[in-house]
Amino acid sequence: MFNIVIFGAPGSGKGTQSDLIIDKYKLIHLSTGDLLRKEKNSGTELGKQIKEIIDKGNLVPNEMIQKMVRKFITDNKNCNGFIFDGFPRTTAQAQWLDQMLDEINTKITLMLTLDVDEEELKKRIMLRGKVSGRADDANEQIVENRIKVYKKQTAPVMDYYKQQNKFYIVNGTGELNDVFDRVCLTLNKLKN
Ligand code: AP5
Ligand code: MG
């Protein structure tokens, strides 16, 4: 399997590039943010708990994420590979993912980080906030909190993959297709 962790700060383009990658490399897209928003909109008790957390830009507890991801991986375990978007978001999640993949005899091939500066991140998210309907896009303080949470709790995940020699970084600014070309250059080197 070809398993990619697509990584980067909020607004760095993980979802946008994932859509292009799954098409070209025939992978399955696992976005924990998308799964959480689906649950949130379903109006269940769990959905209400999730809303409380994500609308403030904080992280949902690991147990909730692990349950969701386990089901998703198990349901799709015969695919060509996964692209993990927005997950793992903590080192504990990264360790757990390695164990989970081991159960189905596969592993992460690489982590690909999209590098975008903070001003550009805020600009992109605030622009999308005008139309996305995402409560966490609409307010500058919440966007700033998301970036703060990323720096503190999520950025250390890069070290986890650096230690495994699986860390790659590309410039995530510029035209969407130019970013995709850079992404493909890296992926093609590692795809067998
Ligand atoms: P999640 O949905 O993962 O959101 P995020 O990481 O904050 O990032 P975004 O989805 O907003 O940005 P993106 O990097 O995908 O960029 P995109 O392609 O959309 O998580 C949401 C929340 O869920 C979290 O805050 C947390 O509460 C919870 N959560 C999720 N996973 C969790 C986990 N594992 N553990 C705990 N909690 C979790 O692009 C952004 C915008 O920029 C778009 O409008 C796009 O059109 C535009 N754009 C893209 N590329 C370019 C470009 N090259 N030039 C100009 N504009 C561009
Ligand atoms: Mg996204």
Side-chain angles (χ1 to χ4, degrees), residues 4-22 29-41 46-73 82-97 100 111-157 160 169-183:
I4 306 166
V5 171
I6 191 151
F7 197 79
S12 57
K14 301 183 292 292
T16 306
Q17 293 300 321
S18 290
D19 285 342
L20 300 170
I21 294 170
I22 54 168
H29 184 201
L30 194 173
S31 158
T32 43
D34 288 350
L35 292 177
L36 289 167
R37 279 185 288 278
K38 206 168 141 199
E39 187 67 45
K40 175 187 139 174
N41 294 332
L46 177 64
K48 283 179 200 156
Q49 289 172 25
I50 289 171
K51 177 176 164 49
E52 278 285 302
I53 302 168
I54 70 178
D55 285 2
K56 294 192 183 105
N58 295 321
L59 295 188
V60 170
N62 278 348
E63 308 77 64
M64 253 184 228
I65 299 289
Q66 285 166 9
K67 203 169 154 203
M68 238 169 45
V69 172
R70 176 180 289 280
K71 180 170 186 333
F72 191 98
I73 292 179
F82 293 97
I83 176 152
F84 296 99
D85 161 7
F87 172 85
R89 238 176 168 93
T90 60
T91 304
Q93 288 182 7
Q95 286 162 342
W96 178 84
L97 178 62
M100 174 72 225
M111 170 201 251
L112 185 85
T113 296
L114 298 169
D115 183 29
V116 176
D117 74 47
E118 203 167 318
E119 280 315 302
E120 171 74 10
L121 296 171
K122 282 196 217 162
K123 207 172 83 191
R124 286 184 188 179
I125 297 177
M126 296 305 291
L127 185 70
R128 183 178 58 184
K130 292 180 184 165
V131 292
S132 70
R134 274 177 62 169
D136 61 342
D137 280 354
N139 170 308
E140 194 165 353
Q141 273 165 327
I142 296 172
V143 174
E144 276 167 1
N145 185 49
R146 284 164 62 191
I147 295 173
K148 194 175 107 194
V149 168
Y150 169 79
K151 284 185 186 162
K152 190 155 178 232
Q153 301 186 56
T154 303
V157 177
Y160 183 79
I169 187 160
V170 300
N171 176 359
T173 3
E175 275 294 311
L176 205 143
N177 286 315
D178 292 340
V179 177
F180 186 55
D181 286 346
R182 293 195 277 272
V183 166

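Counting convention: from 1, in listed order, for ligands and their atoms alike. Every heavy atom of this structure was used, including side-chain atoms; hydrogens, water molecules and symmetry mates were not.
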Evaluate the side-chain proximity of [Y] to [X]: yes if any heavy-atom separation is below 4.5 Å, no if none is.
X: Ile73; Y: Leu97; answer: yes
X: Leu112; Y: Gln17; answer: no
X: Met64; Y: Glu39; answer: no
X: Leu114; Y: Val183; answer: yes
X: Leu30; Y: Leu35; answer: yes
X: Val69; Y: Gln66; answer: no
X: Thr32; Y: Phe72; answer: no
X: Glu140; Y: Glu144; answer: yes

Purely on distance, is any nitrogen or oxygen of [X] under 3.5 Å from one on ligand 1?
X: Val179; result: no
X: Arg146; result: yes
X: Thr32; result: yes
X: Ile54; result: no

Identify the protein heavy atom lying closest to [atom], giving its residue, its atom name and the separation to 0.1 Å.
atom: atom 13 (P) of ligand 1; result: Lys14 N, 3.5 Å
atom: atom 16 (O) of ligand 1; result: Gly13 N, 3.0 Å
atom: atom 12 (O) of ligand 1; result: Gly11 N, 3.0 Å
atom: atom 46 (O) of ligand 1; result: Thr16 OG1, 4.2 Å
atom: atom 47 (C) of ligand 1; result: Arg124 CD, 4.1 Å
atom: atom 11 (O) of ligand 1; result: Arg128 NH2, 2.6 Å
atom: atom 4 (O) of ligand 1; result: Arg134 NH2, 3.4 Å

Taking 4.0 angstrom as the limit and counting only heavy atoms of [X], give me the atoms of ligand 1 inside it, by number and element.
X: Gly33; value: 1 (P), 2 (O), 20 (O), 30 (C), 31 (N)
X: Gly174; value: 52 (C), 53 (N), 54 (N)
X: Asn58; value: 26 (C), 27 (O)
X: Arg37; value: 2 (O), 21 (C)
X: Gly15; value: 13 (P), 15 (O), 18 (O)
X: Ala9; value: 14 (O)

Closest to atom 20 (O) of ligand 1 by heavy-atom distance, out of Lys40, Gln66, Arg89, is Arg89
Just let me know how [X] lines up against ligand 1, side chain, backbone, both or neither, with a heavy-atom cut-off below 4.0 Å.
X: Val60; result: both
X: Gln93; result: side chain
X: Leu36; result: side chain
X: Leu127; result: neither

In terms of ring plane angle, is the pair Trp96 and Phe87 parallel, tilted or perpendicular, where the classes change at 30° and 60°? perpendicular
Those residues at least two apart in sequence (or on a different chain) that pass ring-ring contact (aromatic ring centres under 6.0 Å, His included) with Phe82 are Phe84
Residues at least two apart in sequence or cross-chain that pass ring-ring contact (aromatic ring centres under 6.0 Å, His included) with Tyr160, listed by chain then number, are none
Notebook entry, point to check: Please walk me through it: do Ile147 and Lys122 pass side chain to side chain contact (heavy atoms under 4.5 Å, CB included)?
Noted result: CA-CA 9 Å; Ile147 295 173; Lys122 282 196 217 162; 3.9 Å; yes
With Asp137 as partner, the option from Arg124, Lys130, Arg146 fulfilling side chain to side chain donor-acceptor pair (under 3.5 Å) is Arg146
Rounded to the nearest 0.5 angstrom, the OG1-CG distance for Thr113 and Asn171 is 12.5 Å
Non-hydrogen atom of [X] closer than 4.0 Å to ligand 1:
X: Ser12; result: yes
X: Met64; result: no
X: Ile53; result: no
X: Ser31; result: no

| Should Lys56 and Glu52 be marked as a salt bridge (charged side-chain N to carboxylate O under 4.0 Å, His left out) after you check the CA-CA gap, both sets of side-chain angles, and the distance that decides it? | CA-CA 7 Å; Lys56 294 192 183 105; Glu52 278 285 302; 3.7 Å; yes
